[in-house]
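Source: prediction; values computed, not measured. First the proteins, then the strands, lettered A, B, ... as listed; each starts at 1.
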Amino acid sequence: LIALSALVFALGDITWAILELGLRQQPFPSVADFFYLVNYPLLLGGVLLLPEKTATRGEQIKKVLDAGIVMVAALLGFWNFLLGPLVASNTDYPLIEQLILLAYPVGDLVLLWALLRILYTRSDQQYENDVPAFLLAISLAVTIVADCTYTYQAFVGTYVSGGLLDIAWRAGILLTGLAGISQLSTLQSLKNATRFSNRLASLVKSIRALTPYFPYFWLIAAYVILMRSSTYPMYMDFLSLSLAVGGIIGLVLLRQMITLSENNKLNIELQQTMGNLKGQTSELERTNQELQNEIMERKTVERQLTYDSLHDAMTGLPNRVLFLDRLGQAIEYSKRRTEYTFVVLFIDVDHFKVINDSLGHLTGDQLLIAAGTRMRECLRSSDTVARLGGDEFAILLEITGEKISPSTIVEKLQEGIRLPFSLDGHELHITVSIGVVVSVADYAHPEEVLRDADIAMYQAKAHGKARFETFDIKMRSYAFSRLEMEQDLRAALENGEFQLYYQPIVSMKSNQLFGFEALIRWVHPSRGFLLPGEFLPIAEESGLILPIEKWVLNEACAQLKKWHEKYPSLQNVSVNVNVSNKQFSQPNFVDGVIRALQVNGLKAEALKLEITENVLISNYSAANKVFSKLRDFGIQFEIDDFGSGYSALAYLQHFPISAIKIDKSFIDEIGKSPRGIELIRAILSMSRELGMEAIAEGIETSEQLNELMGLSCNLGQGFLLSRPLDKEAAERILEEQE
Amino acid sequence: LSMRAITRNQPSKLFYLAALSAVFLLIVDFGVGLLLTNAQQQLIYSDLISPFVDFLATAALFFAAKQSFRFQGNLGSPGD
């Protein structure tokens with residue numbers, strides 16, 4: 001429509017040019033006037049169709065009121081300064097001419113309406129850079145001013161065609177065209193859309209900021225006209241002027257009331273929002289406080305969990321995890337600082353199981369707690385004492401530039417531990433075996449250090465306990481060898497690599513066979529023939545001793561049964577089987593022995609169980625039951641290695657012992673010390689008095705044999721009489737005996 | 001980023017060319033008006049130049065209107 005308005009305006013100019021230049025006429029009214037007047041509604045239509053932001057009802061009303069105020073005020077001005085004079089001066093013209101003449105100022109009011117429309121609909125931030133609308137508004141303003149000037153000049157007779165006023169009209173139409181091109185560039189490429197320069201943008205912003213005050217400017221202008229009417233005659237009478245100004249004031253008041261109402265509404269909404277926000281804030285504060293409390297609780301729990309995960313629950317000492325962590329740090333630190341060394345002690349309480357079993361687990365636990373405390377007291381606060389589990393402790397000693405001997409510290413520790421512990425009315429004395437590792441650069445992981453300290457500790461145990469051993473590389477190979485041996489032992493049971501050898505027990509006087517002691521041998525696939533001392537300690541530690549001893553018992557019984565069947569006259573020949581502490585303490589030990597006899601159909605007298613004094617002492621309370629059951633069944637017990645253990649002797653009174661086997665150490669003294677012979681004599685005398693047989697072990701020389709015979713020792717066993725024999729060789733002896 | 005932010009400070013060459021031409025035309029118009037002292041000559045000049053200027057503006061507006069229809073947009077809504 002705006003383009004169409006420009007076109008009809010151009011047609012008007014062409015028509016006028018034809019009339020003026022071609023026909024040399026200046027008719028009024030003419031066809032050109034028609035085109036010029038049609039231009040106004042088309043332009044207004046185009047502006048009214050411009051898009052605008054969706055406004056609230058209140059905003060729409062205010063905009064209409066603003067436009068109304070301006071229009072009423074403009075009408076007031078137009079009437080008094082343009083329309084009024086025109087009407088008054090042209091009363092002689094025909095009505096049509098008067099109407100056409102008045103139509104131009106009215107058209108300007110239409111343009112003013114269009115201008116106001118642009119100003120009010122484009123006052124939002126959204127149209128900050130709306131160059132096309134801005135150019136169109138300028139174009140309208142220029143045209144309105146030019147039209148008003150023309151009307152005034154025409155009225156006073158000063159207008160000259162082709163003058164500056166014509167340039168103003170052309171400027172107006174050019175600005176409209178530029179608005180079109182601006183819009184065109186926007187449509188063609190948004191990237192290249194026309195923008196205001198910063199200064200112009202600032203100017204446009206300032207003009208926009210004035211928009212809400214326009215009605216007040218026009219109100220003032222209307223009031224000025226009203227005041228002027230008092231001194232100068234106006235074309236509108238005072239009453240009409242007053243009514244018009246009053247109307248404007250009424251519109252302004254209405255606008256203010258709407259604004260006030262909107263403000264009140266906004267204020268209420270604001271209060272509500274503030275109230276909601278306050279409620280939400282307090283809710284958030286409460287939630288925040290709850291969260292803080294929860295976080296604190298979680299942190300406390302987390303700290304406790306972390307502490308629990310790194311400390312031993314019973315003693316409160318660092319556990320294996322924390323110890324390994326500190327040891328790892330020590331390893332790293334020792335690599336960086338040459339003056340820094342560390343020592344790791346692996347500590348195991350000797351005979352702890354005995355204490356635990358005899359005094360109960362509660363006392364055992366109290367002892368461990370006290371031992372841990374004692375260790376801490378013996379060391380510096382910078383040293384780490386940890387409980388690894390069971391009766392095992394580990395200590396990390398960190399030494400920086402100090403000349404401290406690890407052995408001094410270890411001895412101090414052992415001395416401290418040796419002092420008695422008073423627990424539940426008991427005064428307990430304990431010792432510890434300690435494995436020591438001094439830091440060397442080879443270690444990369446803390447587990448390796450602990451492993452070597454453990455190996456050294458086992459060496460200390462193996463060497464008699466209550467001592468310490470410092471780790472050296474040979475120990476590791478020994479430990480690996482032990483591990484290998486343990487694995488081989490398991491395989492040996494499955495592969496039948498064990499054999500029983502039988503050492504005769506004979507009457508030294510008559511050389512008559514009394515029985516055999518069954519002795520185990522291991523035919524190792526790679527190591528060859530192994531004696532018990534080479535593998536039984538490992539079997540005992542690994543728990544494999546139980547199946548091995550079970551096998552020995554069954555195999556010995558089975559073999560004796562075969563011999564009894566083959567040599568019926570030798571039914572009194574018995575077999576001695578050694579029983580370890582571990583086997584003796586098993587709850588099913590008695591059943592196992594009885595089953596072995598029953599399965600093989602042997603009489604109870606055919607089997608004699610050899611136990612050491614230590615076994616009796618360690619299982620003193622349980623031994624009564626075992627002896628009671630087996631004695632009822634008829635099985636006899638012999639004390640092996642008599643005199644080498646505790647020799648408490650009281651057990652000889654309480655337990656049904658059928659024989660004692662005098663330890664080889666006494667036999668070895670024969671010919672060396674007269675006291676040795678006297679001791680043997682005393683043992684033999686005691687056995688006779690108690691009604692027990694006495695068997696001399698380890699007879700290796702004729703001198704020993706003669707001395708023993710001289711002491712009336714009837715039974716003997718040893719290399720001189722016979723080495724341990726395999727079953728075939730033993731059988732030959734049986735044949736000879738038969 | 002909005003379209004407005006993307007296109008900020010990138011003026012249309014077409015628009016500035018047209019604006020410069022319009023300013024040049026008005027300067028020439030004003031200059032000729034000053035040069036022509038005769039009222040008749042001024043009248044003739046004004047009657048000839050006015051339709052010319054009108055048609056320039058009309059052509060620009062019609063072209064913009066055509067593009068507006070093409071883009072299904074509305075006049076005066078840049079960036080929407």
Does any backbone or side-chain atom of A:L4 lie under 4.5 Å from a heavy atom of chain B? Answer side chain, backbone, both or neither.
both

Let's test your reading of the structure: which of B:L36, B:L56, B:V23, B:I49 forms the most heavy-atom pairs below 4.5 Å with chain A?
B:I49

Which of these passes side-chain contact (heavy atoms from CB on, under 4.5 Å) with A:Y40: A:L109, A:D147, A:T143?
A:D147

Pair A:W16-A:D33, side-chain donor/acceptor within less than 3.5 Å:
no

Between B:Q40 and chain A, which part of the residue has a heavy atom less than 4.5 Å away: side chain, backbone, both or neither?
side chain

A:S139 (side chain) donor-acceptor with A:G172 (main chain) under 3.5 angstrom:
yes

Taking every non-hydrogen atom, the tightest pair across A:S5 and A:N39:
O-OD1, 3.2 Å

